[in-house]
Amino acid sequence: MEVLGSSSKDQVEKSQEKVALPEDPLFAHGHVAYAIYALALGATISIWLIALRAPLWIDETGQYWQIYAGFSQIWPRHFMTLSSPEHAYILWLSTKLIGTSEAALRIPSTLAMLGAVYVLYLAARELFERDIAIIAAILFSLHPVVAFEAIDARPYAFGALVVNTSILVLLRLRHNDSEWLAALFGIAAACTVWFQYLFIVMLPALVLCFFVVKNCDRKTLWRQFGIAVAAFALAFLPVIPIMLFLFRTSKTHVVEPAPALLDLVRFLAPGSLFVGVCITGCVAFLLRAARLQRYSLSRFEPSHLLICASLALIPSLLLYGVSVGTSVHPFLPPRHCLDAIPGIALCWAFVLSRFRSRILRLLFCLIFVTVTACTQFSSPLAKLHNPSWKDALQYAEKNASTDNAPVMICSEFPESDFVPMPLDSPKSSKLFSPLSYYNVSVPVVPMPRELNGEAIRVGSSFLQEAAQKHERFLALARRSSDKTLDWLTKNGAATHSVHQLGEHDGVVVLEFVPRQSVALK
C-alpha cells in the first residue's frame, strides 16, 4: 500500500494552496455541499438501474452462451465469441452465487462500474480538488455509454475499471520512483485489452502521459519505463493470438455504418453536459462582468490539460479515424470507445476547475444531473436496455408448440454470413445464442443474417421438405434480414400462404400455412 501512497496528492494540495479559493458559505461550515454531491451521485447511479431487469439483448445472450455449457467450455467457447474469458469466469461464478435472472447476470457489471467510478475519483484527486474530483466521477457516471454498460452483462464495465486503474497508477507515478509501481502500471495497461480488445487504442495515450507526468532524472525515467514495458509485454502475451485472429477476420464483424462527425461530437460532449457547461459559463461571465473578483478563473495548469486531453482524444480519434478511413467501423456503437470516457470526464472537470467559485461548480453539477435525470426518468424507452429476442421467441414457442411447427430463425450476428449453418441443435452455436437463454422447444431451422448462397441452400431444402409434409412453419428475423424473408415468401408462395403475425421488439414473425390446409378449412 506504500507504493500507492498519497505523496502525489500532497503535492497537488500544496500547489493548490498557492491559489487560495474563496470560502463559499456551503463549504465554510459542515459538509452541506458534499452531502449535495453525494445525493447527485446517488441520482446518477439510480439512472443506471432503470433498465436493470430488461430482457437480454443479442450480445448479452452471446455472453451467457459462453458460460451456458459449464465451466469446462468457457475457454474453448471464448474463441468463438471473441469475448473476454476473464469476464466469462467471473460471470459463471456469479451465476452460482446469485442465479441467472436478467438482473443477476448484470449485477457483476454494475459492481465493476461502481468500482470504476470510485477509482476515477481517486485519479481525479491527483489532479484536482475534492469537489472537482467528485464532479469528474459524476460526469463519468452520467455519460450515456457508461450508463448503458453499467447494467450490460458484458466485459465493458470491467474494462472501464481496469482503464481507470491504469490512469490512477499513472498519476501516482508522477512523484514516485517505485519500480513496483511502474510494473503495476504496465500490467494494468495490458489488462485494459483483456476485457475489450479495441481498448488497445488507449495504449498510445498512456505512453504519452507517462512521459508527461514523470518529472525526474532521465535514469529513473527510463528505468521505470523499461520495467513498465517488460511487465506489459508479459501480461499482453495471452491476448496476442486472439488479436491476430481479429485482424485477419476484421471484415466479418462489421455491422455498423461509418460514423459522421456529429457522432464524434455527441460522444465527446453529450447534450445535457453541453447545456450545463454553457449555463455555468454564462453565469461566470455575468459575475465577472459585475466585477465580482472572487469568481475569476483559477491558475492554468498546462500539464493537467495535456494529460486529460490525451486520455480523451487519442483513443476516440484513433477509432474514429479507422472507421472513416477503412471498411471497418469500430467507432459505432460508441461503447467501443468507453476507454476514452474517463479522459472526457477529466477534460470537462478541468474546464470546471478553472472557475474558482465552488458554488458555481456545484451549480453546474446540479444542472447537469437534473437535466439528465429528468430526461431519463421521463423517457418511455428508459426501461428498455436494447432490442431483445425474448418476446418474439416466447410468442413463437406459444404459437408453434400446438402442432410442433418448425421455426426458421435468421441469426442477428454478422459472422453468420461467412460460415455454414450448424447441422445439430442451433443452441450449440453462438450465432443463435438467444436460444440458450430463452428456450424454444420446437424444431429450429438456422439461417444466415443476409440472403447469400448458404441461406438459399438451407431455405430451398427446408421449403421442399415442408411442401412434401404439408407442414406449417414460422419464420423469425430482424429487418436486417428482410431480403431473406422476401425470398422465403416468394419461393414458398406456391405451396404456402404467408401471414405476418406481428413484430416483437423489431423481430418480424411470419406464418407459412400449407395451401392444402387452407383449402380444407
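Just the heavy atoms: all of them, side chains too, but no hydrogens, waters or symmetry mates, feed the values below. Quantities reported herein were computed from a predicted structural model and do not represent experimental measurements.
For the residue pair Gln394 / Tyr438, no side-chain donor-acceptor distance below 3.5 Å is found, with atom types taken as modelled.
Within 6.0 Å of the OH atom in Tyr118, the count of heavy atoms belonging to other residues, nucleotides or ligands does not exceed 12.
A ring-centre distance under 6.0 Å is not found for Tyr395 and Trp389.
Residues satisfying the ring-ring contact (aromatic ring centres under 6.0 Å, His included) criterion with His336, sequence neighbours excluded, are absent altogether. For the salt bridge (Lys or Arg N to Asp or Glu O under 4.0 Å) test, no residue two or more places apart in sequence or in another chain qualifies with Asp263. Listed by chain and number, the residues in a ring-ring contact (aromatic ring centres under 6.0 Å, His included) with Phe413 amount to none (sequence neighbours excluded). Under the ring-ring contact (aromatic ring centres under 6.0 Å, His included) criterion, Tyr437 pairs with Tyr64, sequence neighbours left out.
Screening Arg106, Gln63, Arg335, His385 for a side chain to side chain donor-acceptor pair (under 3.5 Å) with Asp152, the sole residue that qualifies is His385.
Under the 4.5 Å side-chain criterion, counting only non-hydrogen atoms from C-beta, Ile344 is in contact with Trp348. No side-chain heavy atom of Tyr89 sits less than 4.5 Å from a side-chain heavy atom of Ile67. Side-chain contact between Ile227 and Trp180 is absent, with no heavy-atom pair separated by less than 4.5 Å.
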Using atom types as modelled, flag every donor-acceptor pair under 3.5 Å from a side chain in residues 228-241 to any protein atom, sequence neighbours excluded.
none

Using atom types as modelled, flag every donor-acceptor pair under 3.5 Å from a side chain in residues 137-151 to any protein atom, sequence neighbours excluded.
unit_1 : atom_1 : unit_2 : atom_2 : d
Ser141 : OG     : Ala137 : O      : 2.7
His143 : ND1    : Val145 : N      : 3.2
His143 : NE2    : Phe267 : O      : 2.9

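A salt bridge links Asp177 to Lys214: at least one charged side-chain nitrogen sits closer than 4.0 Å to a carboxylate oxygen.
Using modelled atom types, one side-chain atom of Asp417 and one backbone atom of Arg449 make a donor-acceptor pair closer than 3.5 Å. A donor-acceptor pair under 3.5 Å is formed between the side chain of Ser316 and the backbone N or O of Leu313. Ser379 places no side-chain N or O within donor-acceptor distance of the main-chain N or O of Gln376, the cut-off being under 3.5 Å.
Nearest heavy atom pair, residue Tyr68 against residue Ser436, reads CE1-O, 3.3 Å. Across all non-hydrogen atoms, the minimal contact from Pro85 to Tyr197 is CD-OH, 4.2 Å.
Note: Leu41 CG to Leu114 CG = 8.5 Å, rounded to the nearest 0.5 Å.
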